[in-house]
A.B. asks: 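Starting off with a structure, shown below.
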Amino acid sequence: MGEILESAGETLLYGLVGFAVMAVAFVALDLLTPGHLARQVWKERNKGASILLAGQMLGVGIVLRAAIGASESEDGLDDGLLSTALYGLAGVVLMTLVFFVVAALTPGRRGASVMEDRDGHAHPAAWVHGAMYLGTALMVGAAVS
């Protein structure tokens with residue numbers, strides 16, 4: 001029973017680290033896109049913003065999964081939590097760079113086309129950004145493991 005409780009406690013700690021990294025990713029994306037991201041997604045039901053955020057959160061989850069899997073070492077829980085946080089944040093940094101690169105290659109104000117919804121359809125750029133986040137996450141995840 002003690003081993004189960006210990007594992008459950010470690011799971012909670014890794015979950016808290018993961019949640020913190022996801023929160024940082026959300027704030028970074030909110031700063032990069034026009035308007036308030038939470039309002040765009042939950043109030044205005046902006047499909048482009050939703051696709052972008054979903055791609056980013058899935059991407060961060062992929063990186064965190066790889067980081068947690070690679071953190072099982074003899075160095076202890078503290079090192080595992082720290083490495084998970086650092087790899088997760090590295091993923092966020094790389095996804096932010098991807099956002100800038102894709103935005104630089106597209107016309108208009110940075111991120112504005114991603115947030116466009118016309119006739120109930122998201123701008124294709126939202127799908128490109130979301131896919132770029134997932135691709136970046138797969139690369140970072142492979143590098144971690």
Side-chain angles (χ1 to χ4, degrees), residues 6-145:
E6 182 179 339
S7 292
E10 290 176 2
T11 299
L12 287 172
L13 291 173
Y14 276 107
L16 289 172
V17 168
F19 178 74
V21 171
M22 288 183 141
V24 167
F26 182 92
V27 169
L29 186 58
D30 189 26
L31 292 172
L32 293 173
T33 54
H36 188 267
L37 186 59
R39 184 175 27 243
Q40 291 281 334
V41 172
W42 282 277
K43 295 276 188 193
E44 296 178 20
R45 306 180 95 156
N46 183 310
K47 289 175 183 65
S50 299
I51 292 166
L52 188 64
L53 180 58
Q56 183 201 46
M57 290 296 115
L58 284 169
V60 172
I62 289 168
V63 171
L64 289 169
R65 190 253 171 255
I68 291 169
S71 73
E72 295 180 25
S73 70
E74 297 164 4
D75 294 332
L77 179 62
D78 291 344
D79 283 350
L81 294 170
L82 178 61
S83 68
T84 297
L86 292 176
Y87 287 132
L89 292 172
V92 171
V93 167
L94 288 171
M95 287 180 212
T96 301
L97 289 174
V98 163
F99 183 94
F100 278 115
V101 169
V102 174
L105 297 174
T106 57
R109 196 173 130 226
R110 183 191 79 235
S113 61
V114 175
M115 306 298 264
E116 280 181 24
D117 272 353
R118 284 198 192 146
D119 302 323
H121 298 290
H123 193 287
W127 293 101
V128 172
H129 272 277
M132 292 294 291
Y133 281 151
L134 292 176
T136 302
L138 290 170
M139 288 186 291
V140 172
V144 168
S145 52

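The structure displayed is predicted, hence computed values, not measured ones.
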A.B. asks: Starting at CG of Leu138, measure out to OH of Tyr133 and round the result to the nearest 0.5 Å.
C.D. replies: 15.0 Å
A.B. asks: Do you know the tightest heavy-atom contact between Met95 and Ala137?
C.D. replies: CE-CB, 3.8 Å
A.B. asks: List in chain and number order the residues that pass side chain to side chain contact (heavy atoms under 4.5 Å, CB included) with Arg45, two or more places apart in sequence or in another chain; answer none if no residue qualifies.
C.D. replies: none
A.B. asks: Parallel, tilted or perpendicular: which describes the rings of His129 and Phe99, with under 30° parallel and over 60° perpendicular?
C.D. replies: tilted
A.B. asks: To the nearest 0.5 Å, what is the distance between CG on Leu77 and CD on Glu6?
C.D. replies: 8.5 Å
A.B. asks: Extract all donor-acceptor atom pairs below 3.5 Å that involve side chains of residues 118-128 and protein atoms in other chains or at least two apart in sequence.
C.D. replies:
unit_1, atom_1, unit_2, atom_2, d
Arg118, NH2, Glu116, OE1, 3.4
His123, ND1, Ala125, N, 2.9

A.B. asks: Test of understanding: with side chain to side chain contact (heavy atoms under 4.5 Å, CB included), list the residues that count as partners of Val144, not counting sequence neighbours.
C.D. replies: Ala66, Ala67, Ala70, Tyr87, Val140
A.B. asks: Listed by chain and number, what are the side chain to side chain contact (heavy atoms under 4.5 Å, CB included) partners of Glu44, not counting sequence neighbours?
C.D. replies: Arg39, Gln40
A.B. asks: Between Val24 and Val21, does the side chain to side chain contact (heavy atoms under 4.5 Å, CB included) criterion hold? Intermediate values first, please.
C.D. replies: CA-CA 5 Å; Val24 167; Val21 171; 5.7 Å; no
A.B. asks: Tell me which donor-acceptor pairs under 3.5 Å the side chains of residues 49-63 have, and how far apart each pair is, sequence neighbours excluded?
C.D. replies:
unit_1, atom_1, unit_2, atom_2, d
Ser50, OG, Asn46, O, 2.8
Gln56, NE2, Ala25, O, 2.8

A.B. asks: Using 0.5 Å steps for rounding, measure from the OH atom of Tyr14 to the CD atom of Glu10.
C.D. replies: 7.0 Å
A.B. asks: Quick check: do Leu32 and Phe100 have side-chain heavy atoms less than 4.5 Å from each other?
C.D. replies: yes
A.B. asks: Ala20: what forms a side chain to side chain contact (heavy atoms under 4.5 Å, CB included) with it, not counting sequence neighbours?
C.D. replies: none
A.B. asks: Can you name the closest pair of heavy atoms from Ser83 and Ser71 and give their distance?
C.D. replies: OG-CB, 3.6 Å
A.B. asks: For residues Lys47 and Asp117, report the shortest heavy-atom separation together with the two atoms involved.
C.D. replies: N-OD2, 2.6 Å
